[in-house]
Protein chains: 2
Amino acid sequence: MTTSAPVVVSRSTLKRLPLYLHVLEDLQRQGREYASCTMLAGKFDFAPILVRKDLEVTGAKGTAKIGFKVVDLIRDIKEFLGWHNVQDAFLVGAGNLGKALLGYKDFELYGLNIVAVFDADPRKVGTRVFNKEVLPMGRMPGLAKRMHINIGIVTVSADGAQAVVDAMVISGIRAIWNFAPAPLSIPDGIILENARLTQSLAVLSNNLKRTLQSE
Amino acid sequence: MTTSAPVVVSRSTLKRLPLYLHVLEDLQRQGREYASCTMLAGKFDFAPILVRKDLEVTGAKGTAKIGFKVVDLIRDIKEFLGWHNVQDAFLVGAGNLGKALLGYKDFELYGLNIVAVFDADPRKVGTRVFNKEVLPMGRMPGLAKRMHINIGIVTVSADGAQAVVDAMVISGIRAIWNFAPAPLSIPDGIILENARLTQSLAVLSNNLKRTLQSE
DNA sequence: TTATTATCGATAGAAAATTATCGATAAATC
DNA sequence: GATTTATCGATAATTTTCTATCGATAATAA
């Protein structure tokens, strides 16, 4: 097997790929066999050429006039994102957001399987969330090491986030998906991805403000 | 009053502004009076010049050697984002994610006040979520018009999303914050902002895949 | 007082992302 | 079978975003 060097692509492209994937899975359910960049672009008001460039990085090959084979394209995108192999993950913070994520069934389709939940609050420990028992924080490092967990999800408040991240790093976790609204410091080599709702809200608010102003 | 033309700035800048805001509010709580771009940049591993450029769009003025006055900068960013005036919003979809958003107290700091919750499921109607009664979908349009609601939040599943959005548009809602993983079509002039978790997850997964591959 | 340093603000330059162009090809139409 | 059309794939041009440079200024130190 020729292991080609991992391709680095822009964040923007990376964020558009799941959008295409959603649509493609929908098309697959509808029984469509082929999809063109023009058609995909139409769903999002993107330029067709942008979609073609994005798909290029996945290595998918299309044919003129008919486009890409839906099953192949789904496979190539998933493979490129690393979603073909499901990764086990730990979640820390059994608050509302944590519960919402635990209840989101589709994560497995996106390569993510949340296998355990932890919380520092003794009142939450022992309760069950979507059929998973909330475990005490103290057990996290040992279990993470033993189970070779690579992904940690942080859904605690801003205050506690840094401590949780530090514990995760010590436990051998390599990639952290952070939902806490706090800037976190991590050592080199650890992957940190922030999922901040307020960022998206900022774009919305500013657009609305401009619209209302120009009336 | 000289109403200057609304400034259009890049999405990237817009998404970084709330990050600075979080830090600044933290600094304010700590009693810091001034903050420099260099220091803010350090919190996020950004280039100081990038922060300076971002802040420029808000119209905030700093002084050499000391930086920006924290209170003024917070005010200018909030004003620029439209977060100085709190907007009332309706939320549709009282599932787990909907509940999580309802439970997020800080939205008011970010110009958002969720005043009512709706759901199409009769079993959910009448229940209370964070002290708000879940109302039937049928009442949404009338109430939205009467209360002059500008913002609608969609936390239903992908299937139901388009119908909810259509209803919102008819009800006079101008800006839609969508959490459903579906591409939505909206008429011109309506603002649509998608908050998609899978986008953020895609970046994380791809990074992790590349890290694991290169070992 | 004068020199030094950190930082701002403005302008210019570099890099990255997006869009356009064009030949090739496969299907559809005449 | 020839012509037209939609689309791909590759390369080039454009636009946008990010970074560097430089003079000005305010605080600090000598």
Side-chain angles (χ1 to χ4, degrees), chain A residues 4 7-20 23-24 27 32-77 80 199 202-203 206-207, chain B residues 4 7-20 23-24 27 32-77 80 199 202-203 206-207:
Chain A
S4 52
V7 190
V8 183
V9 305
S10 81
R11 230 187 125 74
S12 331
T13 292
L14 229 31
K15 292 179 97 171
R16 280 189 298 264
L17 289 175
L19 304 182
Y20 308 143
V23 173
L24 289 165
L27 291 171
R32 282 277 300 255
E33 233 191 313
Y34 288 92
S36 75
C37 292
T38 315
M39 187 265 274
L40 284 173
K43 300 269 183 184
F44 301 101
D45 272 318
F46 294 165
I49 180 72
L50 178 67
V51 179
R52 210 167 325 143
K53 284 297 242 171
D54 285 341
L55 297 184
E56 197 177 295
V57 305
T58 68
K61 294 288 169 199
T63 28
K65 183 78 182 179
I66 52 173
F68 295 79
K69 202 163 187 184
V70 174
V71 268
D72 293 356
L73 190 49
I74 289 177
R75 187 203 53 220
D76 290 340
I77 294 177
F80 182 76
Q199 290 196 330
V203 178
N206 181 264
N207 278 336
Chain B
S4 52
V7 189
V8 183
V9 305
S10 82
R11 228 185 128 75
S12 332
T13 293
L14 228 32
K15 292 179 97 170
R16 281 188 298 265
L17 290 175
L19 304 182
Y20 307 144
V23 173
L24 289 165
L27 291 171
R32 282 278 298 255
E33 233 191 313
Y34 288 91
S36 75
C37 293
T38 316
M39 186 266 274
L40 284 173
K43 300 269 181 184
F44 300 99
D45 272 318
F46 293 165
I49 181 74
L50 178 67
V51 179
R52 213 169 319 145
K53 285 297 243 172
D54 286 340
L55 298 183
E56 196 178 297
V57 306
T58 68
K61 295 287 170 199
T63 29
K65 183 76 182 177
I66 51 174
F68 295 79
K69 202 164 186 184
V70 173
V71 269
D72 293 356
L73 190 49
I74 289 177
R75 187 202 55 221
D76 289 341
I77 294 177
F80 181 77
Q199 290 197 329
V203 178
N206 181 264
N207 277 336

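Lettering follows sequence order; numbering is per chain, from 1.
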Smallest separation among heavy atoms of [X] and [Y], with atom names:
X: A/P18; Y: B/A202; result: CG-CB, 3.5 Å
X: B/A41; Y: B/A47; result: CB-C, 3.9 Å
X: A/Q199; Y: B/K15; result: NE2-O, 3.0 Å

Self-check item: Step-by-step side chain to side chain contact (heavy atoms under 4.5 Å, CB included) determination, A/L73 to A/Y34
Solution: CA-CA 9 Å; A/L73 190 49; A/Y34 288 92; over 6 Å; no
Residues two or more places apart in sequence or in another chain: which of them pass side chain to side chain donor-acceptor pair (under 3.5 Å) with [X]?
X: B/D54; answer: B/T13, B/R16, B/Y20
X: B/D76; answer: none
X: A/R11; answer: A/E193

Quiz item: Just how far, in rounded Å, is C1' of C/dT19 from CG of A/L55?
Solution: 16 Å
Reported [atom1]-to-[atom2] distance for the pair [X] and [Y], which is rounded to 0.5 angstrom:
X: A/L27; Y: A/E33; atom1: CG; atom2: CD; result: 12.0 Å
X: B/K53; Y: B/S12; atom1: NZ; atom2: OG; result: 13.5 Å
X: A/L40; Y: A/L24; atom1: CG; atom2: CG; result: 5.0 Å

Quiz item: Using a cut-off of 4.0 Å between protein heavy atoms and nucleotide atoms, how would you tag nucleotides 24-30 of chain C 5' to 3' with B, S and -?
Solution: -BBB---
Practice problem: Using a cut-off of strictly less than 4.0 Å between a heavy atom of the residue and any atom of DNA chain C, enumerate the qualifying residues of residues 67-77 of chain B by number. | Solution: B/G67, B/F68
Quiz item: Between B/P48 and A/V9, which is nearer to the 5' end of DNA chain C once each is assigned its nearest nucleotide?
Solution: B/P48
Self-check item: For B/S36, side-chain contact (heavy atoms from CB on, under 4.5 Å) partners two or more places apart
Solution: B/T38, B/M39
Practice problem: Please name all residues satisfying ring pair (Phe, Tyr, Trp, His ring centres under 6.0 Å) with B/F46, sequence neighbours left out, ordered by chain then number. | Solution: B/F44
Just the table, please: protein N/O against nucleotides 18-22 of chain D N/O, every pair under 3.5 Å.
residue: D/dC18; atom: OP1; partner: B/R16; partner atom: NH1; Å: 3.2
residue: D/dC18; atom: OP2; partner: B/R16; partner atom: NH2; Å: 3.0

Residues 58-72 of chain B side chain polar contacts: donor-acceptor under 3.5 Å, at least two apart:
residue: B/T58; atom: OG1; partner: B/L55; partner atom: O; Å: 2.6
residue: B/T58; atom: OG1; partner: B/A60; partner atom: N; Å: 3.2
residue: B/T63; atom: OG1; partner: B/G67; partner atom: O; Å: 3.3

Self-check item: Selection: residues 33-42 of chain B, any non-hydrogen atom under 4.0 Å of DNA chain D
Solution: none
